[in-house]
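Here is the structure we will look at, set down as structure tokens.
Not measured: the values here are computed from a predicted model. As a basis for the values below, the full set of heavy atoms in this structure was taken, side chains included, without hydrogen atoms, waters or symmetry mates. Per chain, numbering begins at 1; letters A, B, ... match sequence-line order.
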There are 4 protein chains.
Amino acid sequence: MSTTTDADPTPGRRGRPPLPATEAKILAATREILAEGGVRSLTMEGVAARAGVAKTTVYRRYRSRDELALAVLIDMVRTVTAGPEVADVRTELVQILRATLDVLRTTLMGRVMQGLVSELAVDPHLSEAFRDQVVALRIEEVAGVLARGAERGQLRPDLDVGLVHELLFGPIYYRLFLSGEPLEPSFADRIVDAVLPALVGQRPL
Amino acid sequence: MSTTTDADPTPGRRGRPPLPATEAKILAATREILAEGGVRSLTMEGVAARAGVAKTTVYRRYRSRDELALAVLIDMVRTVTAGPEVADVRTELVQILRATLDVLRTTLMGRVMQGLVSELAVDPHLSEAFRDQVVALRIEEVAGVLARGAERGQLRPDLDVGLVHELLFGPIYYRLFLSGEPLEPSFADRIVDAVLPALVGQRPL
Amino acid sequence: MSTTTDADPTPGRRGRPPLPATEAKILAATREILAEGGVRSLTMEGVAARAGVAKTTVYRRYRSRDELALAVLIDMVRTVTAGPEVADVRTELVQILRATLDVLRTTLMGRVMQGLVSELAVDPHLSEAFRDQVVALRIEEVAGVLARGAERGQLRPDLDVGLVHELLFGPIYYRLFLSGEPLEPSFADRIVDAVLPALVGQRPL
Amino acid sequence: MSTTTDADPTPGRRGRPPLPATEAKILAATREILAEGGVRSLTMEGVAARAGVAKTTVYRRYRSRDELALAVLIDMVRTVTAGPEVADVRTELVQILRATLDVLRTTLMGRVMQGLVSELAVDPHLSEAFRDQVVALRIEEVAGVLARGAERGQLRPDLDVGLVHELLFGPIYYRLFLSGEPLEPSFADRIVDAVLPALVGQRPL
DNA sequence: GACTAAGCGAGACGGTACGTCGCGTCTTAAA
DNA sequence: TTTAAGACGCGACGTACCGTCTCGCTTAGTC
């Protein structure tokens, strides 16, 4: 007998449930198109065709091109795993930035971000989703490092996590979006070295 | 991408000369549309209609939507004037960043940049133009400050201008594009305070 | 195309029987939509929504939009009652035509016919049902009049009922479908007066 | 020198004039589709594809499916020529009706009419165009016959042309739309024979 | 009283066509 | 030669309905 007290997921749901295969086909098609031609070539029509799915089915799940692209992006973020915890603040920060640089340089993530950033900057709904599901993770990591650093007495205890996060990641995205400089791993070290002195100093940040 | 209004003195030219008024009408219409609906609503067709000009006329001057937007953007950058030269490195840097923050916050520049950044990141032709005509100016300013600071012995002499520039401006554009935090003037101080220690320290940047 | 509400006495039937209320709700919704927007706006989806019924439920009863419209039409025809039998051929014919004019002018019947005629003309299945259940009734009436008139010696005995029926009703539907002239009651008199001389004359019709 | 007083056809016209070839291709494609599958299968998309023309180009000329079908229909009506003028009323009327029957039976006209009639009955814009460009011609013919007949003393002089026209053509369209009886040529004779007595008699019609 | 077949709601799904927007090119007449 | 005007082929948009198909629930009759 089943345990009748188990919560039935969405109990009153009616109607035919969405096929999980369809979802997967759409995301796969989107990823392929993105890889081949970038965000410029991403169209709802193209995705539907490539996925072997009706246009209406795509629209039923993603109300816009951007929402779809964001879904793929978030899907990819899941795979990014945090590095091991070490005792040294500098090493930890470098690890975090390097992981970000690696993802942006070696996966679709960079191209998708480039194509998505204009929408992200303009559409509040989209940017909220992005911040909640992507940025928040990175901030958490930085917050953890700062907290541990402060405990050990290596860092000032009154640091503004948001600001530190902006100082660390800002240059990376600046390169991705505007300067076009390569996102080489050593960039992580240079950023951390530039910001770290301020994190230990006396003058309030 | 001709944005000059100078008279072209080509002697052997025949036929009707381009009306200078037309150029102005197009740029004005573009600016208005940009202000009202952002880059999303900027279309060649709309610009032509609003300017009371034929579509072909717009195309004759700007080969694409992006080229047109960039022309407006560059047109606006001209108006940004450098602050006065002072003896203090920190003050100079803060002045530079604050000027950038002011322009992005109070003029169309911010919205235009948000709308344009995806194109800028993707189109080499466009990004080159942007870097040559916009970024280069800012780097020059920073380079000047660093040089004077080194002369006075306030700064290390071996600094990488490009890197410093990225550290300073990165966080600002990060806010503009991704985090959505306000571009308040005090942000300039906080950035400079965070980076400055590294510019005077012993460890190589 | 079951339009009967009679209890189906099939003995071996199992499962839940159709709710009679559902049938009524669907027909009512159809009539309303027809009245408001004509046949153009009649959609299965709309009917289901308006009736508060699932699309599948509508399809289970009426396999197409036209079948549904025809059901409503036939439902309405039932209400048309024949006039009293009188001794005068002319009066009887006028009565018949006038009843038709009245129904077409004052009820939904006219609009429904206008919307349905294209389907009626093209779909053999549909037109057969229409002729059997609607036209046949009118022909019967005319046949009765002609027979009684012949018995009394008022009319030629060799008349072609089908032809007479076409001569009488043709002009009415011509107005309804093509000329747009009003279907006023006096039109009945004028038609009968035009056709009657031929029904009594010597020359074979 | 040109005669400056000559009326220049649409003198102030600007822009590229519509290609006549395009018009022809669209109408040809429409005719083909109509012939193959009837009005049911007539779609703007299909017409555009078959004509090798952009959908927008079709819409630029015909704002709806019905307008397009009507254009083809009117185009076909042009080709119907009147029979020779003879001294006998009956012969003339039979000629007219027979011509109509022939066109409806042997050309696309019948099928198009069947498909179009629902729209014709409902859309005032459409029905007006149809009456002005198609029905009016037939009424003119009938009017001519009646007038000449009255001059010769063969017909009553006070006949209502509109009514006579409805009596003559009503039965034909009744067959086309509702009864499904064949439109054989002899039907013309039977109609005329049925109506003619009333046109010469004493009782006012 | 349990089983079972149908009615029924809901909604996913693959489709077709819709009518519109904007693109970038072209052809024309006027300035 | 520039300009205004507008036709044109094209690609994509987002929506409306279509008719079919699962689902899970409800409601009978039959065993």
Side-chain angles (χ1 to χ4, degrees), chain A residues 8 11-19 21-23 41-49 51-61 63-65, chain B residues 13-19 21-22 41-49 51-61 63-65, chain C residues 11-19 21-23 41-49 51-61 63-65, chain D residues 8 10-19 21-23 41-49 51-61 63-65:
Chain A
D8 187 2
R13 272 246 293 133
R14 226 79 93 60
R16 176 178 183 169
L19 301 178
T22 302
E23 183 97 34
S41 65
L42 182 65
T43 68
M44 296 301 257
E45 205 128 80
V47 168
V53 139
K55 224 189 343 171
T56 39
T57 299
V58 181
Y59 275 106
R60 211 169 284 123
R61 292 155 186 274
R63 265 181 294 180
S64 71
R65 209 179 52 98
Chain B
R13 286 230 296 126
R14 292 256 225 115
R16 178 178 182 170
L19 301 178
T22 303
S41 62
L42 182 64
T43 66
M44 298 300 260
E45 206 126 70
V47 168
V53 141
K55 241 194 323 176
T56 38
T57 303
V58 182
Y59 274 106
R60 205 169 293 118
R61 292 156 190 274
R63 266 184 293 181
S64 74
R65 205 181 57 101
Chain C
R13 282 237 296 131
R14 295 273 212 101
R16 176 179 186 169
L19 301 178
T22 303
E23 182 99 31
S41 62
L42 182 65
T43 67
M44 298 299 260
E45 207 125 73
V47 169
V53 140
K55 238 194 326 176
T56 38
T57 302
V58 182
Y59 274 107
R60 205 170 292 122
R61 291 153 190 277
R63 265 184 296 181
S64 73
R65 206 181 56 102
Chain D
D8 185 2
T10 52
R13 273 244 294 133
R14 223 83 92 62
R16 177 178 182 169
L19 301 178
T22 302
E23 182 98 31
S41 64
L42 182 65
T43 66
M44 298 299 258
E45 204 128 81
V47 169
V53 140
K55 225 189 341 172
T56 39
T57 300
V58 181
Y59 275 106
R60 211 170 283 125
R61 290 155 188 275
R63 264 181 293 178
S64 71
R65 208 180 54 99

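Put simply, CD on Glu45(D) is 15 Å from P on dG9(F), counting in whole angstrom units. Leu19(C) places its CG atom 8 Å from the P atom of dA28(F), with the value rounded to the nearest Å. Here dA7(F) presents its P atom at 12 Å from CD of Glu23(D), a figure rounded to the nearest Å.
Toward the 5' end of DNA chain F, the nearer of the two residues Met44(C) and Val53(D), judged by each one's closest nucleotide, is Val53(D). Toward the 5′ end of DNA chain E lies the nearest nucleotide of Ala54(A), the other residue of the pair Ala54(A) and Leu42(B) mapping further downstream.
When the side-chain nitrogen and oxygen atoms of Arg60(C) are compared with OP1 and OP2 of dG19(F), none of them lie within a distance under 4.0 Å. Within the structure, every side-chain polar atom (N or O) of Thr22(D) is placed at least 4.0 Å from both OP1 and OP2 of dA7(F). At dG9(F), one or more side-chain N or O atoms of Thr57(D) fall inside 4.0 Å of OP1 or OP2 (strictly under the cut-off).
In this view, Arg61(A) and Glu23(A) satisfy the salt bridge (charged side-chain N to carboxylate O under 4.0 Å, His left out) rule, not counting sequence neighbours.
Heavy atoms of Arg63(D) sit nowhere under 4.0 angstrom from any nucleic acid atom. Note on Gly46(D): nothing from the nucleic acid sits closer than 4.0 angstrom, heavy atoms only.
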Kindly list each side-chain donor-acceptor pair under 3.5 angstrom involving residues 41-49 of chain C, sequence neighbours excluded, with atom names and distances?
from     : atom 1 : to       : atom 2 : distance (Å)
Ser41(C) : OG     : Gly37(C) : O      : 3.3
Ser41(C) : OG     : Gly38(C) : O      : 3.0
Thr43(C) : OG1    : Gly46(C) : N      : 2.8
Glu45(C) : OE2    : Lys55(C) : NZ     : 3.0

Between N or O atoms, less than 3.5 Å apart, protein on one side and nucleotides 25-28 of chain E on the other: list the pairs.
from    : atom 1 : to       : atom 2 : distance (Å)
dC26(E) : O2     : Arg16(D) : NH1    : 3.4

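Closest to the Thr43(A) side chain, of the nucleotides dC13(F), dC8(E), dG9(F), is dC13(F).
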